[in-house]
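Lettering follows sequence order; numbering is per chain, from 1. Just so we're clear, the structure is a prediction, and the values are computed from it rather than from any experiment.
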Protein chains: 2
Amino acid sequence: MTLALDAAAQDLLFREARTANTFSDEPVSDEQVQAIYDLVKYGPTAFNQQPLRIVLVRSEEGRARLVQHMAEGNQAKTAAAPLVAILAADNEFHEELPSQLPHFPQAKDLFFSERPVREASATLNGALQAAYFIIGVRAAGLAAGPMTGYNAEGINKEFFGDGEHSVLAVVNIGKPGEDAWFPRSPRLAYDEVVTTV
Amino acid sequence: MTLALDAAAQDLLFREARTANTFSDEPVSDEQVQAIYDLVKYGPTAFNQQPLRIVLVRSEEGRARLVQHMAEGNQAKTAAAPLVAILAADNEFHEELPSQLPHFPQAKDLFFSERPVREASATLNGALQAAYFIIGVRAAGLAAGPMTGYNAEGINKEFFGDGEHSVLAVVNIGKPGEDAWFPRSPRLAYDEVVTTV
């Protein structure tokens with residue numbers, strides 16, 4: 001009774017959605033990714049910063065360049081997924097603040113002039129955006145297989161030569177295949193997570 | 001045509017949902033927070049780690065202890081919101097991996113024996129969980145007002161004396177009040193965010 005979101009949407013996004021390890025052959029189109037982005041771009045971040053960058057790995061050559069940096073246990077599924085997206089944080093996101101935060105363009109220099117501050121902010125807010133993206137993949141009726149098992153420095157150098165980007169996750173995307181997931185693991189109980197003061 | 005999620009749910013979670021700066025007097029119950037957690041606990045993380053901890057600030061005393069650490073521009077709304085939740089990452093989350101990742105309990109020692117590695121993982125995955133929580137607040141028909149403008153060290157010491165927790169965001173929660181939001185700021189275009197290799 002307490003949720004406004006309908007049961008089918010709850011299932012699609014959270015309750016029945018699962019991290020997929022195998023996928024069908026059905027391709028994922030650019031139109032689908034555009035529809036996902038057009039939805040999740042509205043997710044809130046601090047100062048409306050938008051550090052998330054997405055590299056869609058479509059070519060055979062791109063796939064090979066990525067797979068070599070994946071942890072061994074992630075290589076086969078990353079090689080086989082219909083689409084793979086590299087999610088990264090742009091640590092120079094503050095350059096966009098004057099256009100993206102028009103009512104407070106000074107934020108760029110007031111808060112983000114120092115690189116370590118920017119980097120921490122890009123990591124946190126980029127991760128929020130990565131989570132919105134994962135939800136968006138599910139909203140498109142697709143399964144996401146997010147992974148953090150890789151050589152991050154290798155991916156950063158391979159795909160972002162400028163030293164300004166930090167990979168946050170690599171996400172396999174597609175329709176689930178056979179035996180797509182492991183049994184669901186437990187979750188912490190409410191009382192283990194939530195306290196009241 | 002490309003999204004499976006129905007339009008009403010898209011609006012509720014992303015398109016019409018806004019970061020609220022004022023709230024009505026309507027209280028937010030523990031049952032609502034339980035329903036939110038019961039939905040978003042299923043959001044995916046690496047190794048099924050669950051570093052997110054939530055402190056609900058309900059007492060007058062608790063509110064005062066929090067407000068003093070908020071940035072000046074966030075104090076009045078944090079003092080006035082029906083409910084405030086402190087979202088933090090537990091940097092010792094790895095202790096729970098043997099119970100939460102029963103098919104691979106060795107992950108605790110294999111991957112998370114070093115504190116800096118744990119902390120980076122808790123920040124990234126805690127931020128993913130924070131985003132799921134914000135989506136969950138909206139799924140409950142409530143408005144979220146997430147903030148990162150505060151003295152983080154002050155909040156960590158005030159609410160988590162053990163040195164093992166790092167605040168990720170403070171979120172005001174309730175039904176939106178009068179003039180609850182600013183005009184929506186722009187978002188980056190698809191081509192500014194997404195590239196293909």
Side-chain angles (χ1 to χ4, degrees), chain A residues 2-6 9-10 12-15 19 31-35 37 39-44 46 48 50 52-59 62 96 99-103 123-124 127-128 130-132 134-135 139-141 144 146 148 159 168 182 185-188 190 193-197, chain B residues 2-6 9-10 12-15 19 31-35 37-44 46 48 50 52-59 62 96 99-103 123-124 127-128 130-132 134-135 139-141 146 148 159 168 182 185-188 190 193-197:
Chain A
T2 30
L3 293 181
L5 187 71
D6 62 273
Q10 292 180 33
L12 181 70
L13 302 184
F14 288 103
R15 295 192 201 282
T19 289
E31 288 66 32
Q32 286 173 294
V33 183
Q34 280 168 9
Y37 179 72
L39 179 71
V40 303
K41 68 182 181 186
Y42 294 116
N48 196 35
Q50 296 160 66
L52 183 68
R53 297 293 176 271
I54 302 170
V55 179
L56 302 179
V57 183
R58 289 208 177 272
S59 67
E96 293 150 1
S99 70
Q100 299 303 304
L101 197 69
H103 66 280
T123 299
L124 178 68
L128 295 178
Y132 303 143
I134 291 167
I135 297 293
T148 54
F159 292 94
L168 297 166
F182 307 121
S185 291
R187 294 297 190 275
L188 296 176
Y190 182 79
V193 172
V194 182
T195 54
T196 302
V197 296
Chain B
T2 30
L3 293 181
L5 187 70
D6 63 273
Q10 293 179 34
L12 181 71
L13 302 184
F14 287 104
R15 295 192 201 280
T19 290
E31 289 67 30
Q32 286 174 295
V33 183
Q34 280 167 10
Y37 180 71
D38 186 57
L39 179 71
V40 302
K41 69 183 181 186
Y42 294 115
N48 196 34
Q50 296 159 67
L52 183 69
R53 298 294 177 268
I54 301 169
V55 180
L56 302 179
V57 183
R58 288 208 177 273
S59 67
E96 294 150 359
S99 70
Q100 299 302 305
L101 197 69
H103 66 279
T123 299
L124 178 69
L128 295 178
Y132 303 144
I134 291 168
I135 298 292
T148 54
F159 292 94
L168 296 166
F182 307 122
S185 291
R187 295 298 191 274
L188 296 176
Y190 182 80
V193 172
V194 182
T195 53
T196 301
V197 296

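Using a 4.5 Å heavy-atom threshold, the side chains of B:Pro186 and A:Pro102 count as touching.
Nearest heavy-atom pair, B:Tyr132 versus A:Ala131, reported as atom, atom and distance to 0.1 Å: CE2-CB, 3.6 Å. Between B:Leu5 and A:Ala9, the closest heavy-atom pair is CD1-CB, 3.6 Å.
Only the side chain of A:Leu13 comes within less than 4.5 Å of a heavy atom of chain B; its backbone N, CA, C and O stay farther away. For A:Thr195, the parts lying under 4.5 angstrom from a heavy atom of chain B are both the backbone and the side chain. For a residue to count as touching a neighbouring chain, one of its non-hydrogen atoms must lie under 4.5 Å from one of that chain's; by this rule B:Leu128 touches chain A with backbone and side chain alike. Proximity to chain B (any heavy atom under 4.5 Å) is shown, for A:Tyr190, by both the backbone and the side chain. Both the backbone and the side chain of A:Leu124 come within less than 4.5 Å of a heavy atom of chain B. Interface remark: B:Leu188 contributes backbone and side-chain atoms alike to the contact with chain A (heavy atom separation under 4.5 Å). Both the backbone and the side chain of A:Leu39 come within less than 4.5 Å of a heavy atom of chain B.
Of the residues considered (A:Ala144, A:Ala140, A:Ala127), A:Ala140 shows the highest number of contacts with chain B, using heavy-atom pairs under 4.5 Å. Among B:Glu96, B:His103, B:Lys41, the residue making the largest number of heavy-atom pairs under 4.5 Å with chain A is B:Lys41. Across B:Leu101, B:Thr123, B:Val57, the residue that shares the most heavy-atom pairs under 4.5 angstrom with chain A is B:Val57. Ranked by heavy-atom pairs under 4.5 Å with chain B, the list A:Val55, A:Leu168, A:Thr148 is led by A:Val55. Note: B:Pro44 leads B:Gly62, B:Ser99, B:Pro44 in heavy-atom pairs under 4.5 Å with chain A.
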- Task: Begin with the C-alpha distance, continue with both residues' side-chain angles, and end with the deciding distance and a verdict on side chain to side chain contact (heavy atoms under 4.5 Å, CB included) for A:Gln50 and B:Val193.
- Result: CA-CA 9 Å; A:Gln50 296 160 66; B:Val193 172; 5.8 Å; no

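Under a 4.0 Å N-O distance rule, the pair B:Asp38/A:Arg187 does not qualify as a salt bridge.
A:Thr196 pairs by the side chain to side chain contact (heavy atoms under 4.5 Å, CB included) definition with B:Leu56, B:Arg58, not counting sequence neighbours.
Taken from OG1 in B:Thr19 to OH in A:Tyr42, the straight-line distance is 14.0 Å, to the nearest 0.5 Å.
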